[in-house]
Amino acid sequence: MIPVVALVGRPNVGKSTLFNRLTRTRDALVADYPGLTRDRKYGRAHLSGYEFIVVDTGGIDGTEEGIETRMAEQSLAAIEEADVVLFLTDARAGLTAADEAIAEHLRRREKTTFVVANKVDGIDADSACGEFWALGLGEVYQMAAAQGRGVTNMIEYALTPYAEAMGLTRDGEGEEEADERQYTEEEAEAEQQRLQDLPIKLAIIGKPNVGKSTLTNRILGEERVVVYDEPGTTRDSIYIPLERDGQEYVIIDTAGVRRRSKVHETVEKFSVIKTLKAVEDANVVLLVVDAREGIAEQDLGLLGFALNVGRALVIAVNKWDGIDQDVKERVKSELDRRLGFIDFARIHFISALHGTGVGHLFESVEEAYESATRRVSTSMLTRIMQMAQDDHQPPLVNGRRVKLKYAHAGGYNPPIVVIHGNQVKKLPDSYKRFMMNYYRRSLKVMGTPIQVRFQEGGNPFEGLNTKKLTVSQERRRKRMMSHIKDKKK
Ligand SMILES: Nc1nc2c(ncn2[C@@H]2O[C@H](COP(=O)(O)OP(=O)(O)OP(=O)(O)O)[C@@H](O)[C@H]2O)c(=O)[nH]1
Ligand SMILES: Nc1nc2c(ncn2[C@@H]2O[C@H](COP(=O)(O)OP(=O)(O)OP(=O)(O)O)[C@@H](O)[C@H]2O)c(=O)[nH]1
């Protein structure tokens, strides 16, 4: 499971600065979806081979009385649910009462905490940081988030125990490798067969009260006992195996844990982190929205995260029963307007309560999964690239035409196409987008984002027309490619 790192600290110590630094590499992806603004609280980070979720808990002003009550509920929940807390302090300001109050709270929660003294740039760091040892939370890490100094070291240190559990090493070795194998047509087909026997992991997500439990129960076709009296951690989703039309699924149920006790009626708790983890773990995300409420900011936040991770996506507009025709029209045009940027995702109008439309959801889920995981041969990807290039030549850069040479797969779920060529880094975004759309249409990719990456460099079989490669030539080419790849390491 992907670890969650929470950034905690009083206002102005540099949490946002660190958050931005940790999540920035991913921004490029989100930027492809102009309809989405980035969530400033939850992000996904990738740093020296480690992937993790970062949560900025916002400023906690511990000087106020009763820190427990003063902390925003979401911040508290984030601390509870985090695997690791990075407790930021300001080396320039020195130790404050607020820091001490926060430390006291963290000590009581017995959270794995790392004290980080930020803003050590341009000061005598060692002497400035000494006093933070008094917080009683162990070693004090020096960092200058604004300059990026100390950030990688600190993250590596903090995540090493999790990295070991996940089979990662510091330099990213052993990390679950994206499937970058180059397939011939036959191999692609064989791999496809193999994939058919794997279950599709489907996460059902959405903000509170949109009908996730009702939908899950409807799918399971029975009134399932909802975790009533189980000791309630809100952070864990429930994994439910299911077979449907010969296809195996694992439904990842993120609905709020309801605890009933004699005293309190129901305790419900929405956990963003649980949802984020479910998205990470899923192949396909089913985003449920409430027809009566339209698209809310929180829906867009979840959607952004799912797209950022590259998950296949189906949208269910629930509670479609018993609303007037004119309201339906209004909801539909709002969806068009606000979700136009993800035109690849199928939208279903359903009633989880009555079961209307629920069966058809699975057609789209299967389609999305199939699109997201379909193995495509190198020759096919190269052929499509050439067709696109014939249709619409790459532009001139510095008087020379950008040359695209060949393409191969760089991973699945989401599908990644890697195009090699000369001066490709200088291609304008419009051309990159054209390529992406060309692949999407040619491969009939539906229900999943796809990525096209460009890599500088030629084809070792330059001059050979890949259209005409025989099976054995293709195999030879493949061996050569992997040889070159090995040599590069
Ligand atoms: N010199 C120096 N300044 C820093 C560093 N990191 C952050 N700052 C500055 O400190 C100020 C506060 O940084 P933020 O990242 O907004 O702090 P925050 O903890 O998110 O603050 P809140 O949003 O109020 O909780 C900004 O002016 C930053 O530019 C650093 O490493 N060195
Ligand atoms: N009219 C109508 N009501 C629905 C439908 N689906 C769910 N509801 C109602 O909406 C309310 C919330 O449904 P839940 O299934 O508990 O919602 P949830 O998303 O699981 O909520 P959390 O557990 O808080 O995350 C309940 O009162 C349901 O009966 C629907 O299709 N139509």
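What you are looking at is a predicted structure, and each value in this text was computed from that prediction instead of being measured. Note that ligands are numbered from 1 as they come in the structure, with each ligand's atoms numbered from 1 the same way.
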Closest non-hydrogen atom pair between Asp321 and His354, with its separation: CB-CD2, 3.4 Å
Non-hydrogen atoms of Val288 and Ile204 that approach each other most closely: CG2-CG2, 3.8 Å
Test item, Gly9 contacting ligand 1 (heavy atom, 4.0 angstrom): no
Polar contact flag for Ala146 and ligand 1 (N/O pairs, less than 3.5 Å): yes
ring-ring contact (aromatic ring centres under 6.0 Å, His included) assessment of Phe87 paired with Phe114: CA-CA 6 Å; Phe87 173 21; Phe114 296 86; over 10 Å; no
Arg92 neighbourhood, listing ligand 1 atoms whose heavy-atom distance to it stays under 4.0 Å: 1 (N)
Ligand-side contact atoms (ligand 1) for residue partner Lys15, heavy atom cut-off under 4.0 Å: 15 (O), 17 (O), 18 (P), 19 (O), 20 (O), 25 (O)
For ligand 2, is there an N or O atom under 3.5 Å from any N or O atom of [X]?
| X | answer |
| --- | --- |
| Gly211 | yes |
| Pro208 | no |
| Leu215 | no |

Do [X] and [Y] have side-chain atoms, one donor and one acceptor, less than 3.5 Å apart?
| X | Y | value |
| --- | --- | --- |
| Asp99 | Thr96 | yes |
| Asn118 | Gln142 | no |
| Thr214 | Asn217 | no |

Ring pair (Phe, Tyr, Trp, His ring centres under 6.0 Å) partners of Tyr439, counting only residues at least two apart: none
Only heavy atoms count here, so choose which of [options] is nearest to [atom].
| atom | options | result |
| --- | --- | --- |
| atom 8 (N) of ligand 2 | Arg292, Lys319, Lys207, Lys274 | Lys319 |
| atom 10 (O) of ligand 1 | Lys119, Gln142, Met143 | Lys119 |
| atom 6 (N) of ligand 1 | Ile123, Val151, Asn118 | Asn118 |

Residue part near ligand 2, for Leu353, under 4.0 Å between non-hydrogen atoms: both
For ligand 2, the portion of Thr214 having any non-hydrogen atom under 4.0 Å away: both
Flag if over 12 foreign heavy atoms under 6.0 Å of CD, Glu243: yes
Proximity of Asn12 to ligand 1 by residue part, where a heavy atom lies under 4.0 Å: both
Residue pairs involving residues 87-97 (criterion salt bridge (charged side-chain N to carboxylate O under 4.0 Å, His left out); sequence neighbours excluded): Asp90-Lys119, Arg92-Asp121
